[in-house]
Amino acid sequence: MARDGWPYFDPEYETLSIRINPPSVAVDNTSCKDCTLVKVDSLNKPGILLEVVQILSDLDLIITKAYISSDGGWFMDVFHVTDQHGNKITESNTIEHIEKALGPKGHTADVLKTWQGKQVGVHSSGDHTAIELTGRDRPGLLSEIFAVLANLHFNVIAAEVWTHNRRIACLLYVNDDSTCRAVDDPSRLSTMEVQLNNILRGCEDDRNVARTNFSASVTHVDRRLHQMLFADRDYEGGCLSTEAGYPPSFTPKITIDRCVEKGYSVVTVNCKDRSKLMFDIVCTLTDMQYVVFHATITSDGPYASQEYYIRHMDGCTLDTEGEKQRVIKCLEAAIRRRVSEDLILELCAKDRVGLLSEVTRVLRENGLSVTRAGVTTVGEQGIHVFYVRDASGDPVDMKTIEGLRKEIGQTMMLNVKKVQTCVKAPESSSWSKTSFSFGSLLGKFRN
């Protein structure tokens, strides 16, 4: 058909229903004495629950209770939230961001992109190139990855690393160490891809064991890491229940029943509560093509109970035992990817090429394995967070940490924390909370 014969489609039509019935957002600090209520009323659309939970999670808010209803054409949510210290949300900037991101402007402007550090996927654009890596995890692997990039004159300006069930997923943002621009030379990118794949494969010949991709999509960082590990089938294998560093008390109890009257499958999750638990569950259900129609989220002390009424996007429920077991395994993996009893090492230093290679080499030489990592650059400062455990699986000896302080403490600031296994820690605990503020660490470094 000739182009002139195509029917005209007004680009404004896609947002017409939102403009006619704009979403309503209320941040209520008066109805409840110990938390802030975030109420959202909006037209229903695919993925809207994940979008709302993602925004609250990006602000590091703790969801203590939630009531979700999106049956029909309308979406109505109430979230009870606190900050990481269990206090109400009182900062005007945070409240304003919630109202803008979840309100009418959040659907027509770039409000969702204003909260830094949560988008990934610009392929060789501007000042960075985005790289995705998946493969079999092993002690020292991250050190080898950073060493390869340093040798090829790539500077890592940001990164997120997750490991689970002996698999690793990395999102890396790199640029040229001399121009500080994205690298678009095909030969350099090809050389990097070959060397990284060789590192990821190790001694194995199977090409499917490791993957290096240059990301071209724009996806939330945490969601993309979930997708990468899901695609790598980290939910399979026999070591899920015995993985080193995984607290037995965090083992989730997941059941799937059927609500015959309403035609839903009911997914019930009971486990130790933690930050971003709801995001991880909703993200997994959404990416598995399930729609949440109703949900109830509650926390009782350190434990959480979450109930989701779902159907597949084609309208079907989970009728076979195979379908149910697959969803249970995938949800269990999603919950466990962020759980550990590792130590947290927070490091701040003047950024330079090879800094990450040096730091991870020192960690490896001291018998420490990195299970998760967050890397970012603020101005000229490199700010890095590493979750580490003893490579043998035993608890980390504090003598090792003291040796680490002496070895790298002369050139960078090092702060050590212990991961807490519940959202609210007892006041008598001698360890700091696991919530991490890049701003506070950078302020200490500058002082």
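Using a 4.5 Å heavy-atom threshold, the side chains of R201 and N197 count as touching. Counting only heavy atoms from C-beta outward, the side chains of D273 and D300 never approach each other to under 4.5 Å. Counting heavy atoms from C-beta on, the side chains of T377 and Q381 never come closer than 4.5 Å. The shortest distance between side-chain heavy atoms of T90 and T36 does not fall below 4.5 Å. Side-chain contact check for T129 versus F154: every heavy-atom pair is 4.5 Å or farther apart. Annotation: side chain of E91 is not in contact with side chain of D83 (no heavy-atom distance under 4.5 Å). In this structure, V292 and L50 have side chains that are not in contact, with every pair of non-hydrogen atoms separated by 4.5 Å or more. Inter-residue side-chain proximity for V174 and I157 is flagged as unmet; no heavy-atom pair is nearer than 4.5 Å.
Not counting sequence neighbours, H153 has no partner by the ring-ring contact (aromatic ring centres under 6.0 Å, His included) test. Under the rule for a side chain to side chain contact (heavy atoms under 4.5 Å, CB included), the partners of D176 that lie at least two apart in sequence or sit in another chain are S178, T179, V183, R188. Under the side chain to side chain contact (heavy atoms under 4.5 Å, CB included) criterion, N151 pairs with no residue, sequence neighbours left out. Residues forming a ring-ring contact (aromatic ring centres under 6.0 Å, His included) with F75 (at least two apart in sequence, or on another chain): none. In this view, R223 and D287 satisfy the salt bridge (Lys or Arg N to Asp or Glu O under 4.0 Å) rule, not counting sequence neighbours. Residues forming a salt bridge (Lys or Arg N to Asp or Glu O under 4.0 Å) with E96 (at least two apart in sequence, or on another chain): K100. Looking at residues two or more places apart in sequence or on another chain, you find a side chain to side chain contact (heavy atoms under 4.5 Å, CB included) between R364 and S143, E144, R361. By the ring-ring contact (aromatic ring centres under 6.0 Å, His included) test, Y290 pairs with H312, sequence neighbours left out. Among residues two or more places apart in sequence or in another chain, the side chain to side chain contact (heavy atoms under 4.5 Å, CB included) test is passed with R352 by L355, E358. Remark: F279 engages H220 in a ring-ring contact (aromatic ring centres under 6.0 Å, His included) (not counting sequence neighbours). Under the rule for a salt bridge (Lys or Arg N to Asp or Glu O under 4.0 Å), the partners of K39 that lie at least two apart in sequence or sit in another chain are D28.
With hydrogens and angles ignored, the 3.5 Å screen pairs a side-chain donor or acceptor of T163 with a backbone N or O of T371. With hydrogens and angles disregarded, a donor-acceptor distance shorter than 3.5 Å links the side chain of S70 to the backbone of F293. No side-chain donor-acceptor contact under 3.5 Å links D232 to the backbone of M228. Here the side chain of D185 pairs a donor or acceptor atom with the backbone of S187 at under 3.5 angstrom. Side chain of T64 to backbone of H80: a donor-acceptor contact under 3.5 angstrom is found. For E323 (side chain) and T320 (main-chain N/O), a donor-acceptor pair under 3.5 Å exists by modelled atom type. In this structure, S265 contributes its side chain and L318 its backbone to a donor-acceptor pair below 3.5 Å. A donor-acceptor contact shorter than 3.5 Å links the side chain of D390 to the backbone of S392.
A salt bridge links E132 with R224: at least one charged nitrogen is closer than 4.0 Å to a carboxylate oxygen. Comment: E236 engages R233 in a salt bridge, judged by a side-chain N to carboxylate O separation of less than 4.0 angstrom. Of the charged side-chain nitrogens involved, at least one lies within less than 4.0 Å of a carboxylate oxygen, so that E346 and K417 count as a salt-bridged pair.
Within a 6.0 Å sphere centred on CG of D394, other residues, nucleotides and ligands contribute more than 12 heavy atoms. The environment of NZ in K65 is sparse: at most 12 heavy-atom neighbours from other residues, nucleotides or ligands sit within 6.0 Å.
In this structure, CZ in R338 is found 9.0 Å from OH in Y387, a value given to the nearest 0.5 Å. Atom CD1 of I89 and atom CD1 of I98 lie 6.5 Å apart (nearest 0.5 Å). One distance of note links CE of M288 with CD1 of I310; it measures 8.5 Å at 0.5 Å rounding. Note that CG of D60 is 11.0 Å distant from OG1 of T82, once rounded to the nearest 0.5 Å. Rounded to the nearest 0.5 Å, atoms CD1 (I145) and CD1 (I199) are 8.0 Å apart. Note that the CG atom of L49 and the CD1 atom of I68 stand 5.0 Å from one another [nearest 0.5 Å].
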Donor-acceptor contacts, no H, no angles, side chain residues 396-406, under 3.5 Å, sequence neighbours left out:
| from | atom 1 | to | atom 2 | distance (Å) |
| --- | --- | --- | --- | --- |
| D397 | OD1 | K399 | N | 2.9 |
| T400 | OG1 | D397 | O | 3.4 |
| R405 | NH1 | L414 | O | 3.3 |

Can K88 and D34 be said to form a salt bridge (Lys or Arg N to Asp or Glu O under 4.0 Å), step by step?
CA-CA 7 Å; K88 288 186 175 184; D34 55 2; over 6 Å; no

When you look at F146 and V156, which way does the side chain to side chain contact (heavy atoms under 4.5 Å, CB included) test go after all the steps?
CA-CA 8 Å; F146 287 141; V156 180; 4.0 Å; yes

Apply salt bridge (Lys or Arg N to Asp or Glu O under 4.0 Å) to the pair R337 and D234, showing each step before the final yes or no.
CA-CA 10 Å; R337 286 171 193 147; D234 73 321; 2.8 Å; yes

How far apart are the C-alpha atoms of L363 and V388, what are their side-chain angles, what is the distance that settles it, and do they pass the side chain to side chain contact (heavy atoms under 4.5 Å, CB included) test?
CA-CA 8 Å; L363 295 178; V388 299; 4.3 Å; yes

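Across every non-hydrogen atom of S299 and I63, the tightest pair is OG-O, 4.2 Å. The two residues R274 and A334 make their nearest non-hydrogen contact at NH2-O, 3.7 Å. Across V353 and N155, no two heavy atoms sit closer than the pair CA-OD1, 3.8 Å. Considering every non-hydrogen atom in both V53 and M278, the closest pair reads CG2-CE, 3.9 Å.
Under 3.5 Å, the side chains of E193 and S190 contain no donor-acceptor pair of N or O atoms.
Figure legend: cation-pi geometry between R372 and F386 absent, as NZ or CZ is not positioned both under 6.0 Å from the six-membered ring centre and within 45° of its axis.
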